[in-house]
**Q** 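Would you mind keeping the following structure in view while I ask a few things?
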Amino acid sequence: MRPSVRPPALTAHPRGVRAVAAVAAVVTVAAGLAVRSGADGAFAKYAGSALYTVLLCALVAFCAPRARPVAVAVTALGLSWAVEFAQLTGVPAQWSAHSAAARLVFGSTFNAPDLFWYAVGAAAAWAVHTGARRRAASAAGRAPGGVPGDAVPR
């Protein structure tokens with residue numbers, strides 16, 4: 001069996017991917033702070049949950065710049081869910097009582113609807129990441145999964 005070969009346009013330039021991921025993380029944090037200061041109620045809570053996972057996607061992409069978008073999204077979703085389920089233990093609540101940073105990162109109280117909104121954030125980040133990779137492949141003159149000179153599907 002032949003090992004899978006990933007096209008250079010999709011795996012090259014990890015520094016570029018890291019730069020984009022870092023900018024995405026900063027923009028996501030800014031969006032989260034804007035939602036927190038400008039909205040309230042269910043919208044603010046669930047937008048914050050989705051943005052939490054989007055931020056984790058950016059951080060995973062930063063740490064693993066050659067990872068496929070689906071792997072980035074699934075990893076971030078798994079981390080989000082792990083943190084949410086950890087709230088059932090009470091440990092994050094203890095940490096949150098002593099630190100505002102811990103409260104932002106780990107939360108304090110389990111909320112089942114957050115699990116859905118984390119998936120929404122992962123799906124949104126996956127769509128953006130996939131689109132960005134396709135645009136990069138198109139700009140490099142190759143189809144995703146193809147070789148130089150292949151037609152780029154529209």
**Q** Minimum heavy-atom separation for R133 and P69, please, with both atom names.
**A**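 Residues R133 and P69, closest heavy atoms: CD-CG, 3.3 Å.
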
**Q** When rounded to the nearest 0.5 angstrom, what is the spacing between OG in S80 and CG in L55?
**A**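 Rounded to the nearest 0.5 Å, the OG-CG separation comes out at 9.0 Å.
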
**Q** Under 4.5 Å between side-chain heavy atoms, counting indirect links through other Ile/Leu/Val/Met/Phe/Trp/Tyr residues: same cluster for L77 and V60 or not?
**A**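 Shared cluster, yes.
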
**Q** Just grab all the side chain to side chain donor-acceptor pair (under 3.5 Å) pairs involving residues 14-31, residues at least two apart or on different chains.
**A**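 As it turns out, there is no side chain to side chain donor-acceptor pair (under 3.5 Å) pair with a partner in residues 14-31 once direct neighbours are skipped.
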
**Q** Of the non-hydrogen atoms in A93 and S108, which two are nearest, and what is the gap between them?
**A**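 Distance-wise, the nearest heavy atoms are CB-O, 3.5 Å.
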
**Q** Determine which pairs satisfy salt bridge (charged side-chain N to carboxylate O under 4.0 Å, His left out) with at least one residue from residues 95-105, sequence neighbours left out, and list them in order.
**A**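 The answer is none; no pair qualifies.
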
**Q** Under 4.5 Å between side-chain heavy atoms, hopping through other hydrophobics if needed: is there a path connecting V70 to L56?
**A**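 No, V70 does not connect to L56 through the hydrophobic network.
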
**Q** Would you list the pairs meeting salt bridge (charged side-chain N to carboxylate O under 4.0 Å, His left out) in which at least one residue belongs to residues 107-131, sequence neighbours left out?
**A**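 As it turns out, the salt bridge (charged side-chain N to carboxylate O under 4.0 Å, His left out) pairs with a partner in residues 107-131, which skip direct neighbours, are K45-D114.
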
**Q** Quick one: list whatever passes ring pair (Phe, Tyr, Trp, His ring centres under 6.0 Å) with F116, sequence neighbours left out.
**A**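 Partners of F116 under the ring pair (Phe, Tyr, Trp, His ring centres under 6.0 Å) test: none.
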
**Q** What's the shortest heavy-atom distance between A86 and P92, and which atoms?
**A**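 Taking A86 first and P92 second, the nearest heavy atoms are O-CD, 3.4 Å.
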
**Q** Given the rule that I, L, V, M, F, W and Y join up when any side-chain heavy atoms are under 4.5 Å apart, are V83 and F110 in one cluster?
**A**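 V83 clusters together with F110.
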
**Q** To the nearest 0.5 angstrom, please state how far the OG1 atom of T53 sits from the CG atom of L115.
**A**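 Rounded to the nearest 0.5 Å, the OG1-CG separation comes out at 9.5 Å.
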
**Q** With sequence neighbours excluded, tell me which residues meet side chain to side chain contact (heavy atoms under 4.5 Å, CB included) with A50.
**A**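 Partners of A50 by the side chain to side chain contact (heavy atoms under 4.5 Å, CB included) criterion come out as none, since no residue qualifies.
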
**Q** Please identify each residue that fulfils side chain to side chain contact (heavy atoms under 4.5 Å, CB included) with A21, with sequence neighbours left out.
**A**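 With neighbours one apart ignored, the set is A61, F62.
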
**Q** Same cluster or not: V72 versus L79, using hydrophobic residues (I, L, V, M, F, W, Y) connected whenever any side-chain heavy atoms lie under 4.5 Å apart?
**A**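 Yes, V72 connects to L79 through the hydrophobic network.
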
**Q** Restricting to pairs with a member in residues 115-132, which pass side chain to side chain donor-acceptor pair (under 3.5 Å), not counting sequence neighbours?
**A**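 Every side chain to side chain donor-acceptor pair (under 3.5 Å) pair that includes a residue of residues 115-132, provided the two are not neighbours, is E84-Y118, W126-T130.
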
**Q** Check which hydrophobic residues are tied to V128 through side-chain heavy-atom contacts below 4.5 Å, counting indirect links as well, and list them.
**A**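 Direct or chained contacts put V128 with none.
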
**Q** Could you pull out all donor-acceptor pairs under 3.5 Å where a side-chain atom in residues 30-43 meets a protein atom, sequence neighbours excluded?
**A**
from, atom 1, to, atom 2, distance (Å)
S37, OG, L33, O, 3.2
S37, OG, A34, O, 3.3

**Q** When hydrophobic residues are tied together by side-chain contacts of less than 4.5 Å, even through go-betweens, does V105 share a cluster with W81?
**A**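 As far as the 4.5 Å side-chain criterion goes, W81 and V105 are connected within one cluster.
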
**Q** Under the side chain to side chain donor-acceptor pair (under 3.5 Å) rule, what pairs show up with a residue in residues 89-98, not counting sequence neighbours?
**A**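 Residue pairs with at least one partner in residues 89-98: there are none.
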
